[in-house]
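Here the structure is laid out as structure tokens; the discussion comes afterwards.
Chain letters run A, B, ... following the sequence lines, proteins first and then strands; every chain starts at 1. A quick note: this is a predicted structure, and the numbers were derived from the prediction, not measured.
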Amino acid sequence: MRVQLPDGKEREVPDGSTFLDLAKSIGPGLAKAVVAAKLDGELMDLQAPIPRFGTVQLLKADAPEAEEIIRHSCEHVLATAVIRLFKGAQVTMGPQDHSKDFYYDFDIGRAFSPEDLEKIEAEMKKIVAEDVAFVRKEVPKDEAVQLFQSLGQRFKPEILAWIPGDTVTLYQDADFIDLCRGPHVPSAGRIGAFRLLGAAGAYWRGDATKDPLQRIRGVAFKDEKALKAWDEKMELARQRDHRRLGKELGLFGFSPLAPASPFFLPKGAVIYNQMLAYMRGQYRRFGYQEVITPQIYSVDVFKTSGHYANYRENMYFADPGHSDEEIQKTAPGPLKNSEFSVKPMNCPGHCVLFGMGHHSFRDLPWRVADFGRLHRAEGEAVHGMMRVRTFCQDDAHIFVSEDGMQSEMSTFMELVDEVYGDFGLTDVTVVVATRPEKRLGSDAIWDRAEKALMTALEEKGRKYTVAPGEGAFYGPKIELHVKDGLDRDWQLGTIQVDFALPERFELEYVGADGARHRPVMLHRAIFGSLERFFGVYLEHTGGAYPIWLSPVQAAILPITDRAMAHADVVAAALEKAGVRVWIDRRNEKLGKKIAEGRVQKYPYLLVIGDREVEQGGAALRTRGGEDLGYQPLEALVAKIGSEARLPGSDRPVRVTGAIGVAAEDNQRPA
RNA sequence: GCCAACUUAGCUCAGGGGUAGAGCAACGGUUUCGUAAACCGUAGGUCGCGAGUUCAAUUCUCGCAGUUGGCUCCA
């Protein structure tokens, strides 16, 4: 049997040799370090006989694929420990993807306790220390079925039933035999370091109607160093946790008296309002008009929109049980509390608004933005700011003719690029979600809408992936995914085509031909939920906001009481230039004021002592620790004042027609 | 909704069937200080809420609420 090595050289090994034999023939050091093999790019077990001629790559523990194999093998060590410690434990299976962690689902008739996990981990350490061998076997399928039946394992035969082919591979390490396609490490000693992360409930095949199982999760690495690096990464994520930073920086809080509903403290409210101010500026430049719409509507609105039928479990309703009976009796006819509900989305209100007047084709596209507060009765899947029950979206709806759709989407992508760019979010990916099986509207209309989305992206030279069938029942959509500083993916912005709501609300405009036409409605957002974006961005920046968003842009640190009067003068000059200033008047040493100023991530620290009082300026220091030395007052005001301005405020208007921007004739459809 | 854990001072956390603990923060005083955290003192608690067991519950049991982690069929 001949094989080719990655350097192009060929090598001869006896027929029936395994990849491990090959490694041994090259050198004993390599044989010890190698974890798995690749034949023409396909992962192979070291113990498998080399099946054919091809290019063989021997993978050492530091190869990315090797780390996945280590995790997978560690998963088997976990199962080995569990069947040793829990008589009659039923084993099931683990995940397909081992790129981050591993798990294995068991049934032991009860939940694992933290003490159980400690015992399991200790047993696993023993197995790894013993360097237990992983033995690979190929057997006929019916033999495997018999084997697992004799072992009293009831899930394995079920798994065997859905595996194609006549033979299957088994792996045995110590007293545990598992059905597994591998590959695995040759022996448990190659698992350099691991840790169990906890146990949680799961279901057989992820189906809540099937057997409840207990899932144990863990991580494994080639060595202790890699585990330590993982620990450090986790620690960094903990430090950047927006719930922790929100508390530390005094931005927001939560109360059990309004569960999953953020309270913005003054500093958090500054950031929130700056986000709104920034977006309003962008809206003005891109031809949007802001509207303000009611919070509570007659349920009829949501019956018309379809929310009552499809979204009811997520909506809040006014409870008549809290009204005085007499008031209920004497209230004017339609005002029965039970007939009202709180809006979970702005779109139905905007349809009502559109329907309130007549519209000419000259009014389209009609772009209405709404920062209305929304309430959704989310279940238990709430999480800090990331998933809340009340929030605000940078929500806007564009009522447009079908012909105008593509140009709107194209301009929207320009707006999106500017916004994410201004926030320093550069890693953006685009997904187009196309028609699902259950959908509204004709195929011809879907063809046009999907084409409009894709053409708009292609025109801009944007790469995108297609998620077939992932669109909403009312129309296709573009999803904008952003990667944050911790390498996590978030879906923030979206633009969705909607044929359904204009239909349901019977919206019309008068066309150039004098006939009535139905507009298409585009739903779009860039931040998505402001609350969630707030959380994502807080973790992205670790609290070191760009200066225009910072609640305190310049902290003034007087060294002694003698500097206080001059601190007031400097503060007043900066405030006049629009800078948000705070003076640390506490009776503390300068070192402490600086330490806390940096914890609070104030962009600039202005130190004022006797020298600065005399010279009239301040000593400037950045939150990064950079000392910019003495600066005269005028220089401070000019520098900080200009940096503190909202981005985009000096950019030209991109789309005319919004309130405050003169509409030009060429903007109107011909 | 399901599985599990947690809830003690403003914050971070220790403790434990019989008088509740620390650090930071707060407050008072001393110190007036030059680039990452002065010193002394004071105050702060229905130990999440409700019920049960007990001579006695913050501690044990049950219920509720809030919060956290997990709920990714595919060897």
Side-chain angles (χ1 to χ4, degrees), chain A residues 72 75-76 79 91-105 110-114 116-117 141 144 148 153 155-165 167-171 177-184 197-217 241 243-244 247-248 250 253-261 313 378-384 557-564 586-599 605-612 618-623 625-630:
Chain A
H72 187 186
E75 189 177 305
H76 281 237
V91 298
T92 65
M93 56 198 172
Q96 195 169 23
D97 175 11
H98 291 94
S99 58
K100 288 201 175 81
D101 53 10
F102 66 82
Y103 63 73
Y104 207 103
D105 291 348
R110 61 170 177 90
F112 289 104
S113 68
D116 291 336
L117 288 181
K141 205 195 270 180
F148 286 114
Q153 290 293 340
F155 292 102
K156 289 290 168 182
E158 198 178 322
I159 299 170
L160 279 159
W162 76 68
I163 297 173
T167 60
V168 293
T169 51
L170 301 179
Y171 277 86
I177 303 180
D178 202 5
L179 172 67
C180 183
R181 75 181 128 211
H184 278 286
L197 298 178
Y203 294 99
W204 174 232
R205 303 183 67 185
D207 183 341
T209 64
K210 296 202 159 71
D211 302 53
L213 304 171
Q214 287 297 316
R215 170 168 301 177
I216 298 181
R217 293 170 51 251
D241 188 309
R243 293 165 298 186
R244 175 198 176 109
K247 240 180 235 173
E248 264 178 29
F254 288 90
S255 161
L257 297 173
S261 305
E313 66 279 7
E378 299 285 356
E380 285 175 16
V382 293
H383 176 87
L557 314 182
I559 295 176
T560 69
D561 291 347
R562 291 190 300 277
M564 215 58 88
R586 295 173 310 162
N587 177 11
E588 294 290 354
K589 292 175 77 169
L590 178 61
K592 177 154 186 174
K593 291 183 180 182
I594 285 173
E596 286 188 7
R598 295 198 57 187
V599 167
L605 301 176
L606 279 64
V607 176
I608 298 181
D610 293 339
R611 289 204 295 273
E612 289 74 20
L620 190 60
R621 187 191 159 110
T622 67
R623 65 182 153 206
E626 198 186 348
D627 186 358
L628 301 176
Y630 173 79

| request: Name the nucleic acid region contacted by E75(A), choosing base, sugar-phosphate or nothing; use a 4.0 angstrom heavy-atom cut-off, strictly under. | output: nothing

| Between E596(A) and R586(A), is there a salt bridge with N-O shorter than 4.0 Å? | yes

| Short side-chain N/O contact to rC2(B) OP1/OP2 from K210(A), under 4.0 Å | no

| request: For rU67(B), take OP1 and OP2 only and decide whether either is under 4.0 Å from a side-chain N or O of H383(A). | output: no

| request: With heavy atoms under 4.0 Å as the rule, sort E248(A) into base, sugar-phosphate or nothing. | output: nothing

| Can a donor-acceptor pair under 3.5 Å be found between the side-chain atoms of D561(A) and the base atoms of rU32(B)? | yes

| request: Give a yes/no answer on whether the side chain of Y630(A) brings an N or O atom under 4.0 Å of OP1 or OP2 in rG34(B). | output: no

| said: Quick check on rU68(B): is either OP1 or OP2 less than 4.0 Å from any side-chain nitrogen or oxygen of R243(A)? | reply: yes

| message | Requiring both pairing distances under 3.5 angstrom, list the stems that contain RNA chain B and are made of three or more consecutive Watson-Crick or G-U pairs. | response | B:1-7 with B:65-71, B:10-13 with B:21-24, B:26-30 with B:38-42, B:48-52 with B:60-64

| message | Students often get this wrong, so: under 4.0 angstrom with heavy atoms, is R215(A) touching a base, only sugar-phosphate, or nothing? | response | sugar-phosphate

| note | Given the 90°-from-0 boundary between syn and anti, rU19(B) should be labelled syn

| task | Ignoring the backbone of V382(A), work out which of rU68(B), rA25(B), rG69(B) is nearest its side chain. | result | rU68(B)

| K589(A) side-chain proximity, nearest of rA38(B), rC3(B), rA36(B) | rA38(B)

| note | Ranking rU67(B), rU32(B), rA36(B) by distance to the side chain of A260(A), first place goes to rU67(B)

| said: Nearest to the D610(A) side chain among rC74(B), rA37(B), rG34(B), which nucleotide is it? | reply: rG34(B)

| said: Taking the P atom in each of rG41(B) and rA22(B), what is the distance between them to the nearest angstrom? | reply: 13 Å

| message | Using the side-chain heavy atoms of P259(A), tell me which of these nucleotides is nearest: rA36(B), rG34(B), rG66(B). | response | rG66(B)

| task | Record whether the side chain of E612(A) comes under 3.5 Å of the base of rG34(B) through a donor-acceptor pair of N or O atoms. | result | yes

| Within the structure, does a side-chain N or O atom of K247(A) lie under 4.0 Å from either OP1 or OP2 of rU12(B)? | yes

| query | Residues two or more places apart in sequence or in another chain: which of them pass ring-ring contact (aromatic ring centres under 6.0 Å, His included) with Y104(A)? | reply | F106(A)

| field | side-chain contact (heavy atoms from CB on, under 4.5 Å) partners for Y203(A), two or more places apart | value | A208(A), P212(A)

| task | Could you tell me whether F112(A) contacts a base, only the sugar-phosphate backbone, or nothing, with contacts defined as non-hydrogen atoms closer than 4.0 Å? | result | nothing

| task | Tell me what I559(A) touches on the nucleic acid: a base, only sugar-phosphate, or nothing, going by heavy atoms under 4.0 Å. | result | base

| message | Counting the atoms with a prime plus P, OP1 and OP2 as sugar-phosphate, which does G384(A) contact under 4.0 Å by heavy atoms, base, sugar-phosphate, or nothing? | response | sugar-phosphate

| task | With heavy atoms under 4.0 Å as the rule, sort K156(A) into base, sugar-phosphate or nothing. | result | sugar-phosphate

| request: Using a 4.0 Å heavy-atom cut-off across all strands, classify R562(A) as base, sugar-phosphate, or nothing. | output: sugar-phosphate

